[in-house]
S.K.: 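Would you mind keeping the following structure in view while I ask a few things?
When reading the values below, keep in mind they use all heavy atoms of this one structure, side chains included, and skip hydrogens, waters and symmetry mates.
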Amino acid sequence: MSLLNRLWPQRQPDPAAPVCVDPPCFVIGDVHGCDTLLARLIDRAPQGADIICVGDYVDRGEHSAAVLHMLHARPDITCLMGNHEAMMLKFLDAPDGPARRWLRHGGLQTLASFGVSGGTETADPALAQRLSDDLRAAMGPALIDWIRQRPCKLLRGNVLITHAGADPALAPDAQDDKVLIWGHPDFAKRRRTDGLWVLHGHTIVNVPEARNGKIAIDTGAYATGRLTAAHLNSDGCTFVGVNHSDA
């Protein structure tokens with residue numbers, strides 16, 4: 001049994017608004033280049049459950065390239081867009097402008113994982129363009145196009161699955177993609193009134209939790225060595241986790 005399962009056994013959402021998802025799904029939190037943890041957590045997915053990832057596959061951890069190649073080769077896994085993928089795409093498209101901030105938020109580790117060297121957090125426009133060109137060549141068009149095509153949300157039963165949360169005042173089909181990727185200032189403050197739960201990553205929590213209409217599963221894999229998933233079905237929500245000490 002993993003440390004996560006010992007710490008957080010069978011924790012359930014608020015009984016007043018139970019999670020109800022059918023068919024079941026297994027939703028994985030922010031991976032951030034932790035390829036070994038991702039592979040082990042995928043192996044823990046219950047048979048018959050759809051596997052979904054909430055984004056942030058790249059940056060900060062050391063093996064972003066391996067994570068992307070692993071997920072790209074698994075069309076049976078649904079992968080959503082995270083803000084770090086969005087930043088990387090902007091760097092590929094226009095590296096000489098504000099997109100250079102990606103280098104300060106884990107982009108250097110992603111470059112290194114693709115064999116692109118010589119980057120600095122303060123790269124000037126010329127160096128940023130070279131890094132972008134080298135990364136584009138290393139990734140190849142198929143992988144880049146796959147990342148561009150990632151959806152920003154998925155609705156399963158009464159659970160809206162996104163990377164960073166949602167505007168609590170708007171229905172799922174009225175959400176702005178930028179909010180789903182980057183978050184909303186009212187998301188943590190206001191509870192939805194439509195019975196919908198929002199499952200998200202993006203914000204690191206010490207333990208995964210399901211309360212007040214929100215299910216948070218980003219346990220900071222790159223920093224803590226713990227990667228978490230939520231198993232959702234008609235009976236509710238339970239958490240499954242792996243960590244480096246289990247290896």
S.K.: Can we say D50 and R156 salt-bridge, meaning some charged N sits less than 4.0 Å from an Asp/Glu carboxylate O?
M.R.: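 R156 and D50: salt-bridged.
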S.K.: Any idea which heavy atoms bring A66 and D35 closest together, and the distance?
M.R.: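 A66 and D35 have their closest heavy atoms at CB-OD2, 3.6 Å.
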S.K.: Okay, side chain of T224, backbone of T219: is any donor-acceptor separation there less than 3.5 Å?
M.R.: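 Looks like yes, one N/O pair under 3.5 Å.
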S.K.: For A128 versus F91, what's the shortest heavy-atom pair and its separation?
M.R.: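 So the minimum-distance heavy-atom pair works out to O-CZ, 3.5 Å.
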S.K.: With sequence neighbours excluded, what pairs up with H105 under the ring pair (Phe, Tyr, Trp, His ring centres under 6.0 Å) test?
M.R.: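 With neighbours one apart ignored, the set is empty.
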S.K.: For residues A230 and C237, report the shortest heavy-atom separation together with the two atoms involved.
M.R.: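 That would be CB-SG, 4.1 Å.
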S.K.: How many angstroms lie between atom SG of C53 and atom CD1 of I161, to the nearest 0.5 angstrom?
M.R.: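 Rounded to the nearest 0.5 Å, the SG-CD1 separation comes out at 10.5 Å.
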S.K.: Kindly compute the distance separating CD1 (I28) from OG1 (T78), expressed to the nearest 0.5 Å.
M.R.: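 Those atoms lie 11.0 Å apart.
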S.K.: What's the separation between atom CG in L196 and atom OG1 in T193, rounded to the nearest 0.5 Å?
M.R.: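 Output value for this atom pair is 10.0 Å.
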S.K.: Between L160 and V19, is there shared hydrophobic-cluster membership here, with clusters defined by ILVMFWY side-chain heavy atoms closer than 4.5 Å?
M.R.: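 Per the 4.5 Å side-chain linkage, L160 and V19 are not co-clustered.
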S.K.: Please report the shortest heavy-atom distance between A123 and R100, naming the atom on each side.
M.R.: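 In terms of heavy atoms, the two residues are closest at O-NH1, 2.9 Å.
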S.K.: Is there side-chain contact between C152 and I181, with at least one heavy-atom pair below 4.5 Å?
M.R.: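 The answer is yes; the side chains approach within 4.5 Å.
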S.K.: Using the ring-ring contact (aromatic ring centres under 6.0 Å, His included) rule, collect all pairs that involve residues 167-190, keeping only residues at least two apart or in two chains.
M.R.: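 Residue pairs passing ring-ring contact (aromatic ring centres under 6.0 Å, His included), neighbours aside: F187-H200.
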S.K.: Do L108 and W102 pass the side-chain contact (heavy atoms from CB on, under 4.5 Å) test, and can you show the C-alpha distance, the side-chain angles, and the key distance before you say yes or no?
M.R.: CA-CA 8 Å; L108 293 180; W102 175 63; over 6 Å; no
S.K.: Looking only at heavy atoms, which two atoms of R44 and G241 are closest? And how far apart?
M.R.: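 Between these two residues, the closest heavy atoms are NH1-O, 3.5 Å.
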S.K.: Does a side-chain heavy-atom distance below 4.5 Å link L227 with N243?
M.R.: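 Result no, sub-4.5 Å side-chain heavy-atom pair not found.
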S.K.: Tell me if a side-chain donor or acceptor on E85 pairs with a main-chain N or O of G82 at a distance below 3.5 Å.
M.R.: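 Looks like yes, one N/O pair under 3.5 Å.
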S.K.: Heavy atoms, side chains only, cut-off 4.5 Å: are M81 and P151 in contact?
M.R.: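 A side-chain contact is absent here, since even the closest heavy-atom pair is not under 4.5 Å.
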S.K.: Excluding sequence neighbours, so at least two apart, what forms salt bridge (charged side-chain N to carboxylate O under 4.0 Å, His left out) with R192?
M.R.: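 Scan of R192 (salt bridge (charged side-chain N to carboxylate O under 4.0 Å, His left out), adjacent residues dropped) gives D194.
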S.K.: Under the rule for salt bridge (charged side-chain N to carboxylate O under 4.0 Å, His left out), what residues qualify as partners of R104, not counting sequence neighbours?
M.R.: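 With sequence neighbours excluded, R104 shows a salt bridge (charged side-chain N to carboxylate O under 4.0 Å, His left out) to no residue whatsoever.
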S.K.: In sequence, state the C-alpha distance, the side-chain angles, and the governing distance for V242 and R40, and then conclude on side-chain contact (heavy atoms from CB on, under 4.5 Å).
M.R.: CA-CA 7 Å; V242 295; R40 289 169 48 209; 4.1 Å; yes
S.K.: Taking only residues at least two apart or on different chains, which pairs with a member in residues 28-49 satisfy ring-ring contact (aromatic ring centres under 6.0 Å, His included)?
M.R.: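 Qualifying pairs: H32-H84, H32-Y222.
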S.K.: Kindly compute the distance separating CG (D22) from CG (N233), expressed to the nearest 0.5 Å.
M.R.: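 Reported value, rounded in 0.5 Å steps: 8.5 Å.
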S.K.: Would you mind listing every side-chain hydrogen bond (donor to acceptor under 3.5 Å, both in side chains) that reaches into residues 107-124, with sequence neighbours excluded?
M.R.: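 Found D59-T110, S64-T110.
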S.K.: Using the rule that two of Ile, Leu, Val, Met, Phe, Trp, Tyr join whenever any of their side-chain heavy atoms come within less than 4.5 Å, decide whether V240 and I204 are in one cluster.
M.R.: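 As far as the 4.5 Å side-chain criterion goes, I204 and V240 are not connected within one cluster.
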S.K.: Identify, with sequence neighbours excluded, every residue that meets salt bridge (charged side-chain N to carboxylate O under 4.0 Å, His left out) alongside D43.
M.R.: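 Testing D43 for salt bridge (charged side-chain N to carboxylate O under 4.0 Å, His left out), a comparison that skips the adjacent residues, returns none.
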S.K.: Please list every donor-acceptor pair under 3.5 Å in which a side-chain atom of residues 136-148 meets a protein atom from a residue at least two apart or in another chain.
M.R.:
unit_1 : atom_1 : unit_2 : atom_2 : d
R136   : NH2    : L92    : O      : 2.7
R148   : NH1    : D93    : OD2    : 3.1
R148   : NH2    : D93    : OD1    : 2.6

S.K.: Using the side-chain contact (heavy atoms from CB on, under 4.5 Å) rule, take F114 and L68 through it: C-alpha gap first, then chi angles, then the decisive distance, then the call.
M.R.: CA-CA 11 Å; F114 279 98; L68 289 176; 4.0 Å; yes
S.K.: Would you check if V31 and L41 make a side-chain contact, meaning some heavy-atom pair closer than 4.5 Å?
M.R.: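 Heavy-atom side-chain distance check fails, nothing below 4.5 Å.
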S.K.: For residues 39-68, pull every pair meeting ring-ring contact (aromatic ring centres under 6.0 Å, His included), keeping only residues two or more places apart or in separate chains.
M.R.: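 Qualifying pairs, neighbours excluded: none.
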S.K.: Shared ILVMFWY cluster between V67 and V58, side chains joined below 4.5 angstrom?
M.R.: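 V67 clusters together with V58.
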S.K.: Say whether H163 and D56, considering side chains only, have a donor N or O and an acceptor N or O under 3.5 Å apart.
M.R.: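 Yes, D56 and H163 have a side-chain donor paired with an acceptor closer than 3.5 Å.
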S.K.: Run the salt bridge (charged side-chain N to carboxylate O under 4.0 Å, His left out) test against R130 and tell me which residues pass, sequence neighbours left out.
M.R.: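 Counting only residues at least two positions away or on another chain, R130 forms a salt bridge (charged side-chain N to carboxylate O under 4.0 Å, His left out) with D134.
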S.K.: Drop me the distance from I215's CD1 to L199's CG, to the nearest 0.5 angstrom.
M.R.: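 Atom-to-atom, I215:CD1 and L199:CG are 4.5 Å apart.
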S.K.: Which residues satisfy the side chain to side chain contact (heavy atoms under 4.5 Å, CB included) test with A169, sequence neighbours excluded?
M.R.: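 Scan of A169 (side chain to side chain contact (heavy atoms under 4.5 Å, CB included), adjacent residues dropped) gives D167, R190.
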S.K.: If every non-hydrogen atom of R191 is compared with every non-hydrogen atom of G213, which pair is closest and at what distance?
M.R.: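 Where R191 meets G213 most closely, the heavy atoms are NE-N, 4.0 Å.
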S.K.: Working to the nearest 0.5 angstrom, can you tell me the gap between T203 OG1 and I217 CD1?
M.R.: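 CD1 of I217 is found 12.0 Å from OG1 of T203.
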S.K.: May I ask you to check whether N83 and H202 show a side-chain donor-acceptor distance below 3.5 Å?
M.R.: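 Note: N83 and H202 side chains meet the donor-acceptor criterion.
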S.K.: Hey, any chance M88 and L131 share a hydrophobic cluster, counting ILVMFWY side chains that come within less than 4.5 Å of each other, even indirectly?
M.R.: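 M88 clusters together with L131.
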S.K.: Other than L170, what residues sit in its cluster of Ile, Leu, Val, Met, Phe, Trp and Tyr side chains whose heavy atoms are under 4.5 Å apart, directly or through others?
M.R.: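 Via sub-4.5 Å side-chain contacts, L170 links to none.
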S.K.: Is the backbone of P208 close enough, under 3.5 Å, to the side chain of T228 for a donor and an acceptor to pair up by distance?
M.R.: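 Answer holds: no.
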S.K.: Can you tell whether the side chains of K178 and D176 come within less than 4.0 Å, N to carboxylate O?
M.R.: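 Result for this pair is no, no salt bridge flagged.
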S.K.: In the single-linkage hydrophobic clustering (I, L, V, M, F, W, Y; side-chain heavy atoms under 4.5 Å), do L180 and V159 co-cluster?
M.R.: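 Each belongs to a different hydrophobic cluster.
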